[in-house]
Protein chains: 2
Amino acid sequence: MTQGRTRIQQRNRDTILEAALDVFSQHGFRGATLDQIAEVAGLSKPNLLYYFASKEAIHVALLSQLLVTWLDPLRAMDASGDPVEELLGYVRRKLELSRDYPRESRLFANEILQGAPRIREAIEGDLHALVHEKCGVLRAWMDQGRIAPVHPVHLIFSIWAMTQHYADFDVQVRAVLGPDEADPFPEAARFLETLFRRLLAPVG
Amino acid sequence: MTQGRTRIQQRNRDTILEAALDVFSQHGFRGATLDQIAEVAGLSKPNLLYYFASKEAIHVALLSQLLVTWLDPLRAMDASGDPVEELLGYVRRKLELSRDYPRESRLFANEILQGAPRIREAIEGDLHALVHEKCGVLRAWMDQGRIAPVHPVHLIFSIWAMTQHYADFDVQVRAVLGPDEADPFPEAARFLETLFRRLLAPVG
DNA sequence: TGACGGTTTGACCGGACGGTCAGATCGGGG
DNA sequence: CCCCGATCTGACCGTCCGGTCAAACCGTCA
């Protein structure tokens with residue numbers, strides 16, 4: 001990642017990225033405007049363009065910085081650990097990401113929805129490779145009879161889908177649950193643990 | 001739904017909505033332009049605005065027409081049928097919607113991601129009511145020991161999340177699976193059937 | 001104090017966008 | 001054939017948006 005020299009450069013770049021995350025995640029790439037980002041950041045529009053070459057450059061900086069942290073939980077899944085606990089740990093960490101970083105999740109969802117024009121190669125490269133590496137681990141566990149056999153890639157899809165759902169569709173989740181249940185995450189964690197324990201329990 | 005009198009009105013409204021679905025689902029509301037929609041529809045921009053009062057009117061017409069068909073599969077879940085088969089039928093129909101109407105799914109996802117500014121009341125009204133009605137059915141099945149006890153609302157969330165994932169994140173799904181596996185849906189159907197059978201099987 | 005690189009901004013540009021309007025075109029009934 | 005309402009369009013408007021630029025500002029070091 002290209003990081004500026006001086007303190008003030010680092011500070012302003014961070015301020016801009018923070019504001020841009022707010023605006024991009026809420027309105028999508030085309031829906032966001034530089035004036036809006038500038039106002040949230042408390043900087044003038046030309047000043048934004050002093051630190052980033054273009055609107056797209058800000059977006060790309062956000063996305064590439066995001067992909068790293070986004071895949072960390074999957075990387076952390078350890079082949080030498082207990083299979084069910086490793087997978088449940090992954091689910092739990094992914095759900096925590098949805099709870100603590102919903103803007104990042106929505107930014108990513110927006111990008112994929114539009115056909116991933118700006119991170120397609122990263123998805124077809126790094127992401128594809130990492131998933132297939134971890135699928136090797138999953139298949140080994142299944143062959144050893146330590147978790148029930150299911151299609152490993154679709155298993156990972158199901159984890160992504162259900163955890164990100166609570167960030168991306170937050171409005172719908174809260175509207176359906178009603179105003180009584182303020183925080184959906186504790187119950188979601190319980191539900192997902194039950195679901196994956198039952199799915200993965202090795203058939204005696 | 002307001003439907004015009006003449007044949008030509010019905011035809012052109014349909015043409016416009018079809019084109020708008022294409023463009024809105026691909027670029028989101030703000031990312032879509034009237035010129036683009038007009039070109040896809042094969043009509044002039046002023047002609048679009050002869051049939052719809054504004055860009056937003058087109059979007060609202062699409063969304064309200066969508067919500068009806070989108071909830072039909074859930075409505076079709078029958079309290080007097082076999083519980084597991086009814087739920088699996090719902091999952092199957094929802095997955096078929098993702099396969100056959102991905103544009104509609106992405107349009108809806110876009111709207112929810114942006115905070116559902118245009119269909120919030122429909123979600124808090126009709127959707128909320130329907131979900132809670134069906135949760136009553138689910139709870140009854142659980143009380144009778146015919147399916148395993150889980151949180152009914154989160155069960156429905158999990159169905160939505162996993163089925164819509166294959167439409168909304170289609171690019172990612174195909175990139176991760178690789179070019180060999182052209183159509184992800186048959187395997188997805190098998191995986192989801194396994195998952196929900198194991199989740200819902202009553203504990204002996 | 002003055003000079004200088006790094007930083008900030010007001011004013012502006014060209015293009016795109018949503019929407020309007022006066023008038024042209026069409027098509028069927030008298 | 002003409003008329004009349006429905007349908008369609010070229011030209012246009014005001015605004016917004018991404019981006020540029022010359023000039024101003026600021027802290028620091030000589």
Side-chain angles (χ1 to χ4, degrees), chain A residues 1-64 107 110-111 114 117-118, chain B residues 1-64 107 110-111 114 117-118:
Chain A
M1 190 105 297
T2 54
Q3 41 198 2
R5 294 272 150 73
T6 76
R7 290 277 159 79
I8 194 166
Q9 271 181 19
Q10 197 56 51
R11 174 172 57 84
N12 279 352
R13 283 183 69 95
D14 288 353
T15 305
I16 291 169
L17 288 177
E18 165 70 19
L21 177 57
D22 244 54
V23 179
F24 279 135
S25 69
Q26 219 170 103
H27 303 290
F29 179 71
R30 293 216 34 191
T33 73
L34 285 179
D35 295 88
Q36 229 177 324
I37 297 172
E39 194 192 329
V40 173
L43 299 172
S44 68
K45 185 170 62 167
N47 208 5
L48 252 65
L49 295 162
Y50 174 72
Y51 289 101
F52 291 90
S54 65
K55 179 185 180 182
E56 179 147 355
I58 304 178
H59 199 244
V60 169
L62 274 177
L63 283 174
S64 54
L107 182 78
N110 254 311
E111 178 68 9
Q114 322 273 315
R118 276 166 273 270
Chain B
M1 188 106 297
T2 54
Q3 40 198 1
R5 293 275 149 72
T6 76
R7 288 279 158 79
I8 194 167
Q9 272 182 18
Q10 196 57 50
R11 174 171 57 84
N12 279 352
R13 285 182 67 95
D14 288 353
T15 305
I16 292 168
L17 288 178
E18 165 69 21
L21 177 58
D22 244 53
V23 178
F24 278 135
S25 68
Q26 220 171 100
H27 303 288
F29 179 72
R30 292 217 31 192
T33 72
L34 286 178
D35 294 270
Q36 231 175 324
I37 298 172
E39 195 191 329
V40 173
L43 299 172
S44 68
K45 185 168 63 166
N47 207 7
L48 252 64
L49 295 163
Y50 174 73
Y51 289 102
F52 290 91
S54 67
K55 180 186 181 182
E56 179 147 354
I58 303 178
H59 199 242
V60 169
L62 274 177
L63 282 175
S64 54
L107 181 78
N110 254 310
E111 177 68 9
Q114 323 272 317
R118 276 166 272 272

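So you know, we letter chains A, B, ... as the sequences are listed, proteins then strands, and number each from 1.
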Does a side-chain N or O of [X] approach OP1 or OP2 of [N] to a distance below 4.0 Å, or not?
X: A:Tyr50; N: C:dG6; result: no
X: A:Gln9; N: C:dT7; result: yes
X: A:Ser44; N: C:dT7; result: no

Q: Whole angstrom is fine here: how far is it from CG in A:Asp35 over to P in D:dC16?
A: 10 Å
NA contact type, [X], heavy-atom cut-off 4.0 Å: base, sugar-phosphate, or nothing?
X: A:Leu49; answer: base
X: B:Leu43; answer: nothing
X: A:Phe52; answer: nothing

**Q.** Residue closer to the 5' end of DNA chain C, A:Pro46 versus A:Arg30 (nearest nucleotide)
**A.** A:Pro46
Q) What nucleotide, of C:dT9, D:dC8, D:dG18, holds the atom closest to the side chain of A:Lys55? A)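 Comparing C:dT9, D:dC8, D:dG18 against the side chain of A:Lys55, the answer is D:dG18.
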Q. So, B:His59 and B:Arg118: side-chain donor and acceptor under 3.5 Å apart, yes or no?
A.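 Result is yes, a qualifying pair exists.
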(Q) I need the minimum non-hydrogen distance between B:Leu107 and B:Leu21, along with the two atoms involved. (A) CD2-CD1, 4.2 Å
Q.
On the side chain of B:Lys45, is there an atom forming a donor-acceptor pair with the base of C:dG18 - under 3.5 Å, no angle test?
A. yes
